2 protein chains.
Amino acid sequence: MMTTSPISRPRERIIETASRLFFRQGYCSTGINQIISESGVAKASFYAHFPSKEDLAIAWLRQREENWMQQLSERVGQHLSADKRIVAMYSMWYDQLREEGYRGCGFINMAGEFSSEESPVRACVRDHKNRVRQFVADHVLDQYRDTMTSGGFDELVDVVYSLFDGAIVQAQNFMQEWPVEVALKASLNMLSHERGEAS
Amino acid sequence: MMTTSPISRPRERIIETASRLFFRQGYCSTGINQIISESGVAKASFYAHFPSKEDLAIAWLRQREENWMQQLSERVGQHLSADKRIVAMYSMWYDQLREEGYRGCGFINMAGEFSSEESPVRACVRDHKNRVRQFVADHVLDQYRDTMTSGGFDELVDVVYSLFDGAIVQAQNFMQEWPVEVALKASLNMLSHERGEAS
DNA sequence: CATCGTATAGACAGACTTGTCTGTTCGGTG
DNA sequence: CACCGAACAGACAAGTCTGTCTATACGATG
């Protein structure tokens, strides 16, 4: 009925290329022509798969979201204590920082290029950040849920999560590791403080 | 020799317009033609004052930097305790959040659109963030400098500052106030903890 | 008055943008 | 073999972009 790589092959090549270019150069600075030439796809094929450039951006963000959450789950799932889980969470960024040309969070950068709050791209970014926050609550800090007042737990989650995002942005600005190290340390300190330990 | 508004008047109009448009729409999405038409300036006049669009961006960032630091100094300078100074620092963002169409930190957004680490625009952003960090150390948390080990103090500054930037980005994503509130609370908690108070 | 600096308006060049369209090639299926 | 869907190459449209250019107007100073 269908060959081994009929409808999906060029589509995947396009998303792969877009993933690289949108992330490294930004959305506005990356043209359709560059995407199609670097992914070895005809322009007509491109528009057969994606109605517009923005639709490609959304497809990319959705795929990135899936990869990101899966990798996060894998890394965090190997550990049982909240401390180790936070360390695992931050290890995601340590790895990226060591690569050449660190560009921070693709979602945040993308949101910066779409000024309208109602843009579908912005909705993707919001969804992603909400999901990460929920992940922190459910799979990283879960064991603190019952040892605190419910409002206190939510705030703990928000702070750990804000520190996380702040570190990403700072690391991008300075192109250095210390913001990530500092945020990680601070998160662990907060937890030990929460457990009533003297520091 | 010179009339009351000879060389400076159109230049200021241009920067004013650029300030609004670059901030609200982003750098790439704002064209020179829109800038000159909205500031009521001829194209030749524009290029007489700014060699290129990027030079305008830099001029804008420098001006914004100056305004920002001055306003920060004014607000923080009215208070003597670190707690109140932090509150004053966060009040900068509370005010912006209440305005229509909050767009987060102009510097961070700008950096996202310039992928090259060596870009002069990126250098402006780095300078700004360094200056803010230095301000936190010298004029917000100064009284903790001698009550802690030097490394501990630097880390405290970094954390307070990372929380601050994280809150800005989160608030931009969600278009809500809670990230700022949470970061402010967390910063104050950290300080009270640093003073050895039970929480 | 003549001149000079700064402003204006707007045509223009040349490159680049997204998106459409025509026509060809190729591989699997009836 | 004939057909059909999908991918290919690439011209093309229509508009955008930055930046340059010519020509003109105005106000202050020599």
Side-chain angles (χ1 to χ4, degrees), chain A residues 1-61 110 112-116 119-121, chain B residues 1-61 110 112-116 119-121:
Chain A
M1 209 179 203
M2 287 170 155
T3 123
T4 57
S5 56
I7 195 172
S8 58
R9 214 75 273 279
R11 188 175 209 277
E12 283 168 16
R13 256 182 298 157
I14 292 168
I15 293 192
E16 235 168 83
T17 308
S19 171
R20 183 168 39 90
L21 296 181
F22 281 160
F23 183 58
R24 296 215 178 142
Q25 309 178 346
Y27 176 80
C28 288
S29 304
T30 302
I32 290 289
N33 293 325
Q34 191 186 7
I35 292 175
I36 65 167
S37 91
E38 289 197 23
S39 54
V41 153
K43 197 174 246 191
S45 305
F46 173 87
Y47 281 100
H49 288 290
F50 303 97
S52 75
K53 186 185 174 185
E54 192 171 328
D55 287 283
L56 170 61
I58 290 168
W60 166 53
L61 288 177
M110 210 65 176
E113 294 199 62
F114 289 80
S115 53
S116 166
S119 154
V121 170
Chain B
M1 208 179 204
M2 286 171 156
T3 123
T4 57
S5 58
I7 195 174
S8 57
R9 211 75 274 280
R11 189 176 207 275
E12 283 168 18
R13 258 183 295 155
I14 292 168
I15 294 192
E16 234 168 86
T17 308
S19 172
R20 182 168 39 89
L21 296 181
F22 281 161
F23 182 59
R24 295 215 179 141
Q25 308 178 349
Y27 176 81
C28 288
S29 303
T30 301
I32 289 290
N33 293 324
Q34 191 185 6
I35 292 174
I36 64 168
S37 92
E38 290 198 22
S39 53
V41 154
K43 199 174 246 192
S45 307
F46 174 87
Y47 280 101
H49 288 288
F50 303 97
S52 75
K53 185 184 174 186
E54 192 172 327
D55 286 284
L56 170 60
I58 289 168
W60 164 54
L61 288 177
M110 210 65 177
E113 294 199 63
F114 288 80
S115 54
S116 167
S119 155
V121 171

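This one's a predicted model, so the numbers in the text were calculated from it and none came from an experiment. Every chain is numbered from 1 and lettered A, B, ... according to where its sequence line falls, protein lines coming before strand lines.
- Side-chain nitrogen and oxygen atoms of His49(A) include none within less than 4.0 Å of the OP1 or OP2 phosphate oxygen of dA6(D).
- Counting to the nearest Å, the P atom of dG19(C) and the NZ atom of Lys53(A) are 8 Å from each other.
- No contact: Ser29(B) has no heavy atom under 4.0 Å from any strand.
- Considering CH2 of Trp60(B) and OG1 of Thr17(B), their distance stands at 13.0 Å, rounded to 0.5 Å.
- The NZ atom of Lys53(A) lies 6.0 Å from the SG atom of Cys28(A); values are rounded to the nearest 0.5 Å.
- Nucleotide dA9(D) holds its C1' atom 13 Å from the CG atom of Asn33(A), rounded to whole Å.
- In the set dT8(C), dG19(C), dC21(C), the nucleotide with an atom closest to the side chain of Ala44(A) is dC21(C).
- Counting to the nearest Å, the C1' atom of dT20(D) and the CZ atom of Phe46(B) are 13 Å from each other.
- Here dT17(C) presents its P atom at 15 Å from CG of Leu56(A), a figure rounded to the nearest Å.
- Glu113(A) and Tyr27(A) get closest at one heavy-atom pair: OE2-N, 2.8 Å.
- For dG27(D), the OP1/OP2 oxygens have no side-chain nitrogen or oxygen of Arg9(B) closer than 4.0 Å.
- Nearest nucleotide to the side chain of Pro10(A), out of dT8(C), dT18(C), dA7(D): dA7(D).
- Computed from coordinates, the Lys43(B) NZ to dT20(D) C1' distance equals 9 Å when rounded to whole Å.
- The CD1 atom of Ile58(B) sits 6.5 Å away from the OG atom of Ser119(B) when rounded to the nearest 0.5 Å.
- We find the CZ-CD1 distance between Phe50(B) and Ile15(B) to be 4.0 Å, quoted to the nearest 0.5 Å.
- Between Ser45(B) and dA7(C) there is no side-chain polar atom (N or O) within less than 4.0 angstrom of OP1 or OP2.
- Computed from coordinates, the Ile36(A) CD1 to dT18(C) P distance equals 10 Å when rounded to whole Å.
- Spacing between atom CD1 of Ile32(B) and atom P of dA13(C) amounts to 21 Å, rounded to whole angstrom units.
- When heavy atoms are screened at a 4.0 angstrom cut-off, Ala48(A) is found touching no nucleic acid atom at all.
- Counting to the nearest Å, the P atom of dT17(C) and the CD atom of Gln34(A) are 8 Å from each other.
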